[in-house]
**Student:** 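The structure's right below; bear with me while I get my questions together.
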Amino acid sequence: MGLLNGLMGHASEVSIEKVNKEFQPILLADEQIEKAFKLIRDMLVFTNKRLIMVYKQGVTGSKIDYQSIPYSSIKMFSKESAGMMDFDAELKIWLTGEAQPTIKQEFRKGDNVNEAYKVLSRYVLK
């Protein structure tokens, strides 16, 4: 189901153990990964200090762009779905100074967009 979700443009949750090794070189000593979601090759990684957007580029994916977004730069976020029975949800994140959401990510209902929403709530609403 994960590959199908990726092909359809939906983020799937990835185990923290899988991504910990890859991110260890860029994490601070007191920084921990809270949640990680993958979309084909790209990722959203929520730590206890920031949101890291990962964009893999090129045919082989050897060029990787890591964008760090401090939670203090997030001015608003939303979760949108058609209701309790809707199978899809979209997470939108607005950064300071932006009128439109900078980040839009689709989630399958089973992939629990609520967990990503809770992490954002915990750190943005401090």
Side-chain angles (χ1 to χ4, degrees):
M1 194 72 151
L3 177 61
L4 182 60
N5 284 342
L7 293 174
M8 293 178 65
H10 298 102
S12 299
E13 190 166 358
V14 180
S15 79
I16 293 171
E17 293 77 27
K18 269 189 169 179
V19 295
N20 237 347
K21 186 176 180 180
E22 177 184 349
F23 285 86
Q24 207 54 50
I26 65 169
L27 296 178
L28 298 173
D30 62 342
E31 189 172 18
Q32 299 172 351
I33 296 173
E34 300 269 337
K35 290 284 177 184
F37 298 92
K38 188 169 190 164
L39 172 66
I40 305 175
R41 297 187 304 175
D42 299 338
M43 292 182 75
L44 288 112
V45 178
F46 296 89
T47 77
N48 60 325
K49 300 208 175 274
R50 59 186 158 164
L51 168 60
I52 303 171
M53 304 292 300
V54 181
Y55 301 103
K56 293 189 177 183
Q57 304 166 10
V59 176
T60 62
S62 58
K63 183 177 179 182
I64 304 172
D65 179 23
Y66 295 92
Q67 296 181 4
S68 291
I69 302 167
Y71 290 122
S72 61
S73 296
I74 298 173
K75 73 171 182 179
M76 186 169 75
F77 54 96
S78 73
K79 177 187 80 147
E80 181 180 319
S81 68
M84 296 300 283
M85 298 304 291
D86 189 24
F87 293 110
D88 295 329
E90 184 176 36
L91 180 68
K92 296 178 186 177
I93 301 172
W94 285 259
L95 299 180
T96 303
E98 299 294 325
Q100 299 296 319
T102 307
I103 300 164
K104 292 182 183 179
Q105 185 58 64
E106 297 259 340
F107 287 79
R108 294 287 299 168
K109 186 175 184 178
D111 288 324
N112 208 349
V113 66
N114 293 330
E115 292 301 316
Y117 197 82
K118 284 180 188 177
V119 174
L120 284 170
S121 296
R122 186 177 317 128
Y123 295 110
V124 173
L125 302 176
K126 279 187 169 182

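None of the values given here were measured: they were computed from a predicted structure.
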**Student:** Are M53 and L44 packed together at the side-chain level, in the sense that at least one heavy-atom pair is separated by less than 4.5 angstrom?
**Tutor:** yes
**Student:** Can you measure from NZ (K92) to CD (Q100) and round to the nearest 0.5 angstrom?
**Tutor:** 9.0 Å
**Student:** Applying side chain to side chain donor-acceptor pair (under 3.5 Å), can you list everything that pairs with K75, at least two apart in sequence or on another chain?
**Tutor:** none
**Student:** Applying side chain to side chain donor-acceptor pair (under 3.5 Å), name anything that partners E90, two or more places apart in sequence or on another chain.
**Tutor:** none
**Student:** Could you give the distance from CD1 (I33) to CG (N48), rounded to the nearest 0.5 Å?
**Tutor:** 10.0 Å
**Student:** Could you check whether any side-chain heavy atom of W94 comes within less than 4.5 Å of a side-chain heavy atom of S78, counting everything from C-beta outward?
**Tutor:** yes
**Student:** Should M76 and V124 be regarded as members of a common hydrophobic cluster, given that ILVMFWY residues are connected when their side-chain heavy atoms come within less than 4.5 Å of each other, either directly or indirectly?
**Tutor:** no
**Student:** Quick check on salt bridge (Lys or Arg N to Asp or Glu O under 4.0 Å): which of K38, K18, K35 does E13 satisfy it with?
**Tutor:** K35
**Student:** Quick test of your reading: applying salt bridge (charged side-chain N to carboxylate O under 4.0 Å, His left out), list the pairs with at least one residue in residues 116-126, sequence neighbours left out, ordered by first then second residue.
**Tutor:** E34-R122, E115-K118
**Student:** To the closest 0.5 Å, what do you measure between CD1 (I93) and CD1 (I69)?
**Tutor:** 7.0 Å
**Student:** Taking only residues two or more places apart in sequence, or in another chain, which ones meet E98 in a salt bridge (charged side-chain N to carboxylate O under 4.0 Å, His left out)?
**Tutor:** none
**Student:** Determine the minimum heavy-atom distance between T47 and Y71, stating which atoms define it.
**Tutor:** O-OH, 2.7 Å
**Student:** Is the side chain of D65 donor-acceptor paired with the backbone N or O of Y55 at a distance under 3.5 Å, no angle test?
**Tutor:** no
**Student:** When you compare the side chain of Q57 with that of I64, does any pair of heavy atoms fall below 4.5 Å?
**Tutor:** no
**Student:** Below 4.5 Å, heavy atoms only, C-beta onward: do L91 and I103 meet side chain to side chain?
**Tutor:** no
**Student:** What pairs with S68 under side-chain contact (heavy atoms from CB on, under 4.5 Å), at least two apart in sequence or on another chain?
**Tutor:** R50, I52
**Student:** Are any of the side-chain heavy atoms of S72 and Y123 separated by less than 4.5 Å?
**Tutor:** no
**Student:** Please set out all donor-acceptor pairs under 3.5 angstrom arising from side-chain atoms of residues 19-30, sequence neighbours excluded.
**Tutor:**
residue: E22; atom: OE2; partner: Y66; partner atom: OH; Å: 3.4
residue: D30; atom: OD2; partner: K49; partner atom: NZ; Å: 3.3

**Student:** Test of understanding: with side chain to side chain donor-acceptor pair (under 3.5 Å), list the residues that count as partners of T96, not counting sequence neighbours.
**Tutor:** none
**Student:** What is the distance from atom CG of D42 to atom CZ of F37, rounded to the nearest 0.5 Å?
**Tutor:** 15.0 Å
**Student:** Applying ring-ring contact (aromatic ring centres under 6.0 Å, His included), can you list everything that pairs with F46, at least two apart in sequence or on another chain?
**Tutor:** none
**Student:** Taking only residues two or more places apart in sequence, or in another chain, which ones meet S73 in a side chain to side chain donor-acceptor pair (under 3.5 Å)?
**Tutor:** none
